[in-house]
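Residue numbers begin at 1 in each chain, while the letters A, B, ... track the order of the sequences.
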2 protein chains.
Amino acid sequence: MGSSKLHIYNDEINEIAAMAKVFAHPARVAILNYISRQEACICNDLVDEIGLAQPTISQHLKVINEAGLLKGSFEGKSICYCLNIERFNYFQKKLNSFFKQTKLNCC
Amino acid sequence: MGSSKLHIYNDEINEIAAMAKVFAHPARVAILNYISRQEACICNDLVDEIGLAQPTISQHLKVINEAGLLKGSFEGKSICYCLNIERFNYFQKKLNSFFKQTKLNCC
DNA sequence: ATGTATTATTGCAATATTACGATATTATAT
DNA sequence: ATATAATATCGTAATATTGCAATAATACAT
């Protein structure tokens with residue numbers, strides 16, 4: 001018990017839920033938001049900026065990264081994270097078609 | 001520990017995360033999807049359709065409802081749920097502006 | 001080689017979520 | 001009043017998530 005029964009849903013539905021999960025924590029929204037406000041790529045300062053411990057930020061970055069939303073590149077001793085626009089657009093497209101389809105036959 | 005530190009983020013960010021959370025479980029996506037496939041409003045049959053126990057469906061419906069996404073009306077001994085289109089559109093609009101803003105200054 | 005700065009991983013405690021059986025509630029029908 | 005059907009709530013077990021201290025790994029500089 002306790003764990004989500006993913007096998008009873010189709011891939012389409014599981015994909016939407018998995019994508020939403022990435023944005024379902026404010027720290028991850030804030031991280032993406034911070035990335036967007038930077039001229040170039042960002043590196044560390046998320047820890048100072050957001051106010052969570054470094055391991056916590058690293059953990060959230062991992063979730064975002066594993067969803068394919070980041071392009072990281074090494075710049076000296078730090079890592080420069082950058083949004084993977086193509087993937088981000090894919091998320092937007094998929095979520096919008098979920099919205100569209102859900103509204104379609106509604107009363 | 002363990003709980004999300006909501007107070008360190010601004011309202012905008014917490015709202016996005018809260019909205020995403022609604023869609024972050026496949027059962028809730030499936031419920032909304034099923035509603036969309038019905039001619040009129042729906043009632044029970046979610047339990048048969050989705051394959052989770054009745055209390056579990058009820059719990060997920062509560063989450064969707066507390067997010068303001070449902071319009072329920074009593075029809076005899078059952079309840080007819082229906083999508084609250086206005087609220088649903090608001091979700092879509094907010095999420096899209098998050099996408100837009102995030103892409104804005106990206107490298 | 002040693003030191004320093006950045007990021008990742010490990011381990012663990014606190015909390016949240018998911019799922020369901022049992023039971024209560026609500027609304028109709030007989 | 002009693003039975004029936006639909007939905008909600010309660011209690012609880014299993015699992016997941018969040019957050020952080022401690023530590024490891026990585027990359028550069030001296």
Side-chain angles (χ1 to χ4, degrees), chain A residues 1-9 13-14 17-31 34-35 38 40-67 70-82, chain B residues 1-9 13-14 17-31 34-35 38 40-67 70-82:
Chain A
M1 235 199 298
S3 68
S4 300
K5 293 172 132 190
L6 299 178
H7 62 282
I8 69 174
Y9 315 100
I13 284 174
N14 280 322
M19 291 189 315
K21 215 169 208 176
V22 178
F23 307 130
H25 193 289
R28 294 194 286 271
V29 175
I31 286 172
Y34 185 75
I35 288 179
Q38 298 312 107
C41 298
I42 58 121
C43 314
N44 178 310
D45 24 42
L46 283 164
V47 175
D48 299 332
E49 176 68 17
I50 294 182
L52 291 172
Q54 179 269 324
T56 308
I57 294 290
S58 185
Q59 207 171 252
H60 284 301
L61 274 171
K62 195 179 178 184
V63 174
I64 303 174
N65 189 42
E66 280 174 353
L70 295 178
K71 274 182 185 166
S73 63
F74 287 90
E75 299 246 337
K77 50 195 159 189
S78 61
I79 293 179
C80 280
Y81 284 113
C82 180
Chain B
M1 234 199 299
S3 68
S4 302
K5 294 173 135 190
L6 299 178
H7 62 282
I8 69 173
Y9 313 101
I13 283 174
N14 280 321
M19 293 189 313
K21 215 171 207 173
V22 178
F23 306 131
H25 192 288
R28 294 194 286 271
V29 175
I31 287 172
Y34 184 76
I35 288 178
Q38 298 312 107
C41 298
I42 58 121
C43 315
N44 177 308
D45 25 43
L46 283 164
V47 175
D48 299 332
E49 175 70 16
I50 294 183
L52 291 171
Q54 180 269 322
T56 308
I57 295 290
S58 186
Q59 207 171 251
H60 284 300
L61 274 171
K62 194 179 179 186
V63 173
I64 303 174
N65 189 43
E66 281 174 353
L70 295 179
K71 276 181 183 164
S73 63
F74 287 89
E75 299 248 336
K77 51 195 159 192
S78 60
I79 294 178
C80 281
Y81 284 113
C82 180

Open item on the list: Does C/dT18 have its OP1 or OP2 closer than 4.0 Å to a side-chain nitrogen or oxygen of A/Ser4?
Closed with: no
Open item on the list: For B/His25 and A/Tyr9, take the angle between the two ring planes, folded into 0 to 90°, and tell me which bin it lands in: parallel under 30, tilted 30 to 60, perpendicular over 60.
Closed with: perpendicular
Task: Residue pair B/Leu52 / B/Ala27: nearest heavy atoms and the distance that separates them - done: CD1-CB, 3.8 Å
- [ ] Figure out the CG/P separation between B/Leu61 and C/dA19, and round it to whole Å.
- [x] 13 Å
Open item on the list: Output the rounded distance in Å from CD1 (B/Ile57) to P (D/dT9).
Closed with: 15 Å
Open item on the list: Taking 4.0 Å as the cut-off, does a side-chain nitrogen or oxygen of A/Ser3 come that near to OP1 or OP2 on D/dT15?
Closed with: no
TODO: For D/dA16, take OP1 and OP2 only and decide whether either is under 4.0 Å from a side-chain N or O of B/His25.
DONE: no
Task: Residue whose closest nucleotide on DNA chain C lies nearer the 5' end, B/Arg28 versus A/Thr56 - done: A/Thr56
Open item on the list: Please report the distance, rounded to the nearest Å, between CG in A/Asp45 and P in C/dA5.
Closed with: 15 Å
- [ ] Would you kindly give the CD-to-P distance between B/Gln54 and C/dT18, to the nearest whole Å?
- [x] 17 Å
Open item on the list: Below the 4.0 Å mark, does D/dT17 have OP1 or OP2 next to a side-chain nitrogen or oxygen of A/Lys21?
Closed with: yes
Task: Phosphate contact (D/dA6 OP1 or OP2) by B/Tyr81 side-chain N/O below 4.0 Å - done: no
- [ ] Round to a whole Å and report the spacing from CD of A/Gln59 to P of D/dA16.
- [x] 15 Å
Task: Separation of C/dA19 P from B/Lys62 NZ (nearest whole Å) - done: 16 Å
- [ ] Report the nucleotide, chosen from D/dC20, C/dT7, C/dC20, that has the shortest atom-to-atom distance to any side-chain atom of B/Pro55.
- [x] C/dC20
Open item on the list: I need the CG-C1' distance between B/Leu52 and C/dC20, as an integer number of Å.
Closed with: 10 Å
Task: Presence of A/His60 side-chain N/O under 4.0 Å of D/dG19 phosphate oxygens OP1/OP2 - done: yes
- [ ] Look at A/Ser58 and C/dA8 and indicate whether a side-chain polar atom (N or O) is within less than 4.0 Å of OP1 or OP2.
- [x] yes
Open item on the list: Quick one, A/Thr56 and A/Ile50 - any side-chain contact, counting heavy atoms below 4.5 Å?
Closed with: no
Task: Distance below 4.0 Å between A/Lys5 side-chain N/O and C/dC20 OP1 or OP2 - done: yes
Task: Least distance between heavy atoms, B/Pro26 atom then A/Asn14 atom - done: CB-OD1, 3.4 Å
Open item on the list: Donor-acceptor pair, distance only, cut-off 3.5 Å: does the side chain of B/Arg28 make one with the backbone of B/Lys21?
Closed with: yes
Open item on the list: Using whole Å, what does the distance between atom P of nucleotide D/dA8 and atom CG of B/Leu70 come to?
Closed with: 10 Å
